[in-house]
Amino acid sequence: MTDGNLKNSQDIDLSVQIGSLRLKNPVMLASGTVGYGNEISNLTDLNKIGAIVTKSVSLKPRKGNPPQRIVETASGMLNAIGLANVGVEEFIKTKIPFLKQFDTNIICNIAASSIDEYVECTRILSPEEIIKAFEINISCPNVKEGGLIFGHDLKAVAEITRRVKGATDKPVIIKLSPNVPDIAGYAKVVSEEGGDAVSAINTLVGTSFNIYTRKPKLFNVTGGLSGPAVKPVALAKVLEIKRRVNIPIIGIGGIMNWQDAAEFMIVGASAIEIGTVNFINPNAGVEIAEGLEGYCRKMKISRISDLTGSYVI
Amino acid sequence: MTDGNLKNSQDIDLSVQIGSLRLKNPVMLASGTVGYGNEISNLTDLNKIGAIVTKSVSLKPRKGNPPQRIVETASGMLNAIGLANVGVEEFIKTKIPFLKQFDTNIICNIAASSIDEYVECTRILSPEEIIKAFEINISCPNVKEGGLIFGHDLKAVAEITRRVKGATDKPVIIKLSPNVPDIAGYAKVVSEEGGDAVSAINTLVGTSFNIYTRKPKLFNVTGGLSGPAVKPVALAKVLEIKRRVNIPIIGIGGIMNWQDAAEFMIVGASAIEIGTVNFINPNAGVEIAEGLEGYCRKMKISRISDLTGSYVI
Amino acid sequence: MIIVNAEVTQLIELGSSIFLIKVRCPEIAREASPGQFCNIRVSESNFPLLRRPFSICDVDGDYLYFMFNVLGEGTTILSHKKIGETLDILGPLGQGFNFEGDYEAAVFVAGGLGAAPFPFLTRMLPQTKKLFTFVGGRSSSDVITYGMKNEIISTDDGSKGFKGNVVELLEANRKILEESKIKVFACGPTPMLRAVKEFCMKYSYNCEISVESAMACGFGICQGCPIEALDKEGYYLVCKDGPVFDIKKVAL
Amino acid sequence: MIIVNAEVTQLIELGSSIFLIKVRCPEIAREASPGQFCNIRVSESNFPLLRRPFSICDVDGDYLYFMFNVLGEGTTILSHKKIGETLDILGPLGQGFNFEGDYEAAVFVAGGLGAAPFPFLTRMLPQTKKLFTFVGGRSSSDVITYGMKNEIISTDDGSKGFKGNVVELLEANRKILEESKIKVFACGPTPMLRAVKEFCMKYSYNCEISVESAMACGFGICQGCPIEALDKEGYYLVCKDGPVFDIKKVAL
Ligand SMILES: Cc1cc2nc3c(=O)[nH]c(=O)nc-3n(C[C@H](O)[C@H](O)[C@H](O)COP(=O)(O)OP(=O)(O)OC[C@H]3O[C@@H](n4cnc5c(N)ncnc54)[C@H](O)[C@@H]3O)c2cc1C
Ligand SMILES: Cc1cc2nc3c(=O)[nH]c(=O)nc-3n(C[C@H](O)[C@H](O)[C@H](O)COP(=O)(O)OP(=O)(O)OC[C@H]3O[C@@H](n4cnc5c(N)ncnc54)[C@H](O)[C@@H]3O)c2cc1C
Ligand SMILES: Cc1cc2nc3c(=O)[nH]c(=O)nc-3n(C[C@H](O)[C@H](O)[C@H](O)COP(=O)(O)O)c2cc1C
Ligand SMILES: Cc1cc2nc3c(=O)[nH]c(=O)nc-3n(C[C@H](O)[C@H](O)[C@H](O)COP(=O)(O)O)c2cc1C
Ligand code: FES
Ligand code: FES
């Protein structure tokens, strides 16, 4: 790490680079936890955020799963939304124009039930110039064809990466499933096939039952576990990738505050995404960016990118 | 489920069967969380527990990892004890005699760094008549040769099951790793090779770093995540096994009270093991057994074994 | 919609584990309308993790009232709040009751804790409207009439008022209802809402209901609170499109 | 060793975020000896999950005292306990100080919160022994002398007593120490304990130290609290074999 000779606040460079994509700070809002930005913009200043990852969009609209879609667990929550989304067409027509107003990077997250659909969505959306990168969700545990089938198949991940890259010249981030013993193996394939970055982690598969009705609390039976409960697992996954593969990592999983964000960067994340915390504190992203700046000053780090992978083992 | 016509408390049958092993109730104390029973016997009545699973024992003594071995996390904890244990010889000499005094079932958990070592340990311990069954730990994340290498290798699991079964005529329980996408596949192999039951889950791999020193909090860098945080994941793993494989399951992971225990039985567990909760409430096992009896009465279940896999999906 | 750290100024136990909490919160009080709710963070720790949604029970100047039932972790913590402590409140949220417009008499139907939104609605109802209030509960101890006017009561066990459920009570009072053009406003457990809906359909009364759902965010970003729509494909979001809906728009 | 729900009878703020909590707990008070600790559950919820270990600061009849420093979640919750609330306490745990036996003068060395076990030890020390108490802190506000006798003080910044660390203070007082056969009892941050150990080795003084470690169970079942042994292969457990050790037995 640079032993900073920091003159004043201007001196701290919070910007980070992910492939050809430059973010003003490493804080990103995770897909599915900020919709398309409109509601949360009433409660926080999106101009101060590094990037917004939009809710997974699929070729056609999806109405999502019937209720109940969420359950709270110990320091976490299960969700089985079922990729409810407006579909590519409506996304371009109504969501993109709204997002234009913000001085931040828009990253479009794509979910699909076939490799061709991933490619097709990317091809259609690639010309939209406010979209600065794509995050490919191959790890949604909540719909039969939500990609998790791909997320646990090295060959599929390779093909998705290669063909999506072929469909756009914008950076492509592959969002990995944590439900595997060797996540680094998947990251390796992504880097070999020209992927620009990986994001980790998506949610862990979990469930919860009512002991009096003996029915699952979620209509979908299982859901994705997120929140502080999963942070230790997410950190281990990021560290495993960092130690074995040379590719930018976006760290996700249970981040509630700037301390958590710093921890993810130390184990190897170039940037971080926050999800569940947005539901509890919609201004968390701004607070985390500010907190990281204060941390850098205290630690005499002039460029926050120097924090990435700076663990001492 | 039997719609009970319960005359009085005597009527509720809490006993459960795992292979040829019969337990007075489904509550077991998990390996590594009660040592060899001596300390905790000052704080609870072990005669009221279905079974005690002893700390993983290996052929030779292991001193375990240097400090720090544990870290608390959100509704959970990480441990990297490193299978500290007295070794088979000392176990037989000093631990078994002490355990003889209790009216409960002793299940001996074995860890090893080679398939031969698993077999050898089983062979040596099998004649000890107070040992009623073996639990084979193929999923310890905390030592290089802790078995996790086996736990993620179907062929190894098959061979371990077959050869350990060959070394004893006592029931053999294989303790599965949750760090795989298809735990049912492993359970299937166990049942095909004649294993009597599987226990799930062992801990999830996780880590935690100090953001000021940038060092891992655990000497071992990564550790095993346990406690309420992992319950939703553990429940999903048990349900997955129950739906796909016909083998008795011992449910483990984040059980804090009788409600959690009932939830595990509903999704498919024939019995349950409690770990982390013993550190917080050493009498939890007794309270859970009593709570389950009250639950059965309220729900008019005359045999608790009818609860196993009684989910309504 | 705003997040405020509001000071707790009063905590009253209305009945068996039913509480009324009063907070000073001018910012939300100013904007709130009857039927809307707030999403309240009961603890700064990660446990419980999620906010808890509560209807705005009443607004009095700078003060907000919430009525709650002690159920689990969250409401237990809420019931232990001390005067002077602050509460992290997100609100006002959702679509409230549409109580203006073309009808002569408002008919409130409250079941158990469904009484929560009616004190505020009672206060805001235009003087020009007549008001009938029907309150039901399992037994007298469940009947909550805080902040309501000239209520007519029913209990399942007959321990207070009419013996029967609140919809049977409505049937029994059809005559007064028929005298003027009415609009029904109902809040309570889903089975009650189903019965109210059936009743109103049968006599083609206008009716709005306030529904519940498990929620995470409470303001439309998590998609966690769907309710099946009858007048379009797919779902409405209870937190954003509701919690108050015209009975013709949602399936119960 | 027993688990008791003990009533909180007093909570005193001794200094900047340093508290003394008094609980009524005859069962543990009866058995406790100086240097032992208790493992306290600060919350009934899963957050924080683990118990928190605290030295038994003092015992007075049926009452136990714990001295604590507000550090994180657990100690913050503890500092908000109300008189009359109960505290789930597991104890007494571990091996305390061996203060009987063949020596003339006890030398207590306390650094910062390391003062915690000494009030009880001071009380129990046989009249036949002379006592010297050395207390060190970063600055005067960190110097805790609660429940101690005729203490000699040092501060790193010289804001109170001798300027320097507590071991330099010992050196400066070698003369009185040399006058009688002493035994040193030390508790404080690890760097201080290392220095005390070095000092005692150099002059071959008998010395016992109370060490800390991350803990889960606190009574020997999790193996979570190892400390490297010098007189055997492997590790001792801080919770069961300690927290008090002869300096010759453990590596710091
Ligand atoms: C729009 C809306 C308005 C509400 N208004 C009120 C009110 O005015 N007064 C009142 O007492 N209650 C009200 N509720 C219900 C209230 O939110 C729950 O009772 C409360 O969240 C229970 O929290 P708990 O931690 O005590 O219970 P727990 O059972 O511990 O809650 C566990 C989880 O289940 C969820 N949950 C529990 N019960 C319900 C429920 N009935 N509906 C949806 N989710 C639930 C909680 O949000 C939490 O995530 C309202 C709910 C909604 C959606
Ligand atoms: C035998 C023993 C006796 C102790 N006696 C006292 C005492 O008398 N007074 C006092 O103020 N403190 C004492 N401590 C330290 C005390 O246990 C910690 O300060 C306390 O656990 C902090 O909890 P927290 O939740 O406030 O802090 P957090 O930082 O939130 O704790 C998080 C986790 O880290 C662990 N942890 C934090 N600090 C320490 C530490 N210094 N050593 C080991 N683990 C730690 C906690 O147990 C917890 O699991 C003692 C520790 C031990 C092992
Ligand atoms: C309600 C909810 C909806 C989500 N929807 C999506 C989604 O559509 N696409 C996706 O890639 N990830 C989705 N996620 C996963 C998050 O983006 C994130 O990976 C996960 O929640 C872990 O981060 P957290 O612990 O900070 O929430 C969703 C998470 C939640 C809680
Ligand atoms: C401190 C500690 C030590 C453990 N040691 C072992 C072990 O030696 N062998 C084993 O099979 N499992 C071991 N486990 C795993 C537990 O048996 C159990 O599978 C896990 O903790 C999940 O259950 P829980 O959430 O109830 O703790 C250990 C767990 C903990 C917390
Ligand atoms: S609760 Fe999040 S969208 Fe309704
Ligand atoms: S804290 Fe569990 S053995 Fe020491």
Side-chain angles (χ1 to χ4, degrees), chain B residues 29-44 52 55-56 61-86 142 208 217-219 223 226-229 231 254 256-257 260 275-284, chain D residues 1-5 27-28 31 38-53 71-75 88-94 190 211-229 232-242 250-252:
Chain B
L29 305 185
S31 179
T33 68
V34 288
Y36 305 101
N38 39 333
E39 297 88 357
I40 201 170
S41 63
N42 300 315
L43 295 165
T44 192
I52 299 170
K55 170 73 181 173
S56 280
R62 301 184 64 112
K63 60 199 199 81
N65 293 328
Q68 185 168 336
R69 289 182 179 176
I70 57 169
V71 185
E72 191 176 35
T73 66
S75 297
M77 66 178 278
L78 289 166
N79 88 83
I81 306 303
L83 295 177
N85 83 92
V86 297
N142 299 329
S208 176
K217 290 184 180 170
L218 295 172
F219 177 89
S226 64
K231 193 185 81 168
M256 295 298 283
N257 51 42
D260 296 336
T276 302
V277 70
N278 296 311
F279 308 151
I280 300 146
N281 175 12
N283 195 43
Chain D
M1 193 192 331
I2 176 177
I3 293 181
V4 182
N5 270 315
E27 305 87 340
I28 294 176
E31 304 197 348
C38 292
N39 212 4
I40 300 181
R41 188 172 184 182
V42 297
S43 146
E44 277 112 55
S45 85
N46 293 340
F47 200 88
L49 182 66
L50 298 175
R51 290 173 177 270
R52 299 292 191 252
L71 216 107
E73 281 285 344
T75 45
D88 175 339
I89 305 179
L90 164 58
L93 299 170
T190 305
V211 302
E212 286 190 7
S213 158
M215 289 188 176
C217 71
F219 61 99
I221 63 172
C222 78
Q223 304 268 316
C225 60
I227 184 167
E228 193 186 339
K232 67 162 192 177
E233 242 291 80
Y235 302 97
Y236 286 111
L237 293 179
V238 171
C239 73
K240 200 183 159 193
D241 306 315
V250 292
L252 289 171

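Throughout, protein chains are lettered first and strands after them, A, B, ... in sequence-line order, and every chain is numbered starting at 1. Just so it is clear, the model here is predicted, and its values are computed rather than measured.
In this structure, chain B has a heavy atom under 4.5 Å from the backbone of Ile2(D), while its side chain stays farther away. When heavy atoms are compared at a cutoff of 4.5 Å, Ser75(B) approaches chain D by way of both its backbone and its side chain. Heavy atoms closer than 4.5 Å to chain D are found in the side chain of Leu43(B), but not in its backbone. Heavy-atom distances place no part of Ala229(B) under 4.5 Å from chain D, backbone and side chain included.
Among Ala84(B), Gly227(B), Pro66(B), the residue with the largest count of heavy-atom pairs under 4.5 Å with chain D is Pro66(B). Options Ser45(D), Ala214(D), Gly234(D) differ in how many heavy-atom pairs under 4.5 Å they form with chain B, and the most are formed by Ala214(D). Per-residue heavy-atom pair counts under 4.5 Å with chain D were compared for Asn281(B), Val34(B), Asn42(B), and the maximum is reached by Val34(B). Residue with the most contacts toward chain B among Glu228(D), Glu73(D), Arg52(D): Arg52(D) (heavy-atom pairs, distance under 4.5 Å).
Shortest non-hydrogen contact noted between Ile3(D) and Pro282(B) is CD1-CD, 3.3 Å. The two residues Lys240(D) and Asn38(B) make their nearest non-hydrogen contact at NZ-ND2, 4.5 Å. When every heavy atom of Met77(B) is checked against every heavy atom of Ala216(D), the shortest pair comes out as CE-CB, 4.0 Å. Scanning all heavy atoms of the two residues, the minimum distance from Asn278(B) to Phe219(D) falls at O-CZ, 4.0 Å. Gly64(B) and Tyr235(D) make their closest contact through O-CE1, 3.7 Å (heavy atoms, listed as atom of the first residue, atom of the second, distance).
Here Leu49(D) contributes atom CG and Phe279(B) contributes atom CZ; the two are 10.0 Å apart, rounded to the nearest 0.5 Å. Here the CD1 atom belonging to Ile70(B) is positioned 5.0 Å from the SG atom belonging to Cys222(D), to the nearest 0.5 angstrom. For the atom pair OG of Ser43(D) and CD1 of Ile280(B), the computed distance is 10.5 Å after rounding to the nearest 0.5 Å. Distance check, rounded to the nearest 0.5 Å: CG of Leu93(D) to CD of Glu39(B) gives 11.5 Å.
A donor-acceptor distance shorter than 3.5 angstrom exists from the side chain of Arg69(B) to the backbone of Gln223(D), with no hydrogens or angles considered.
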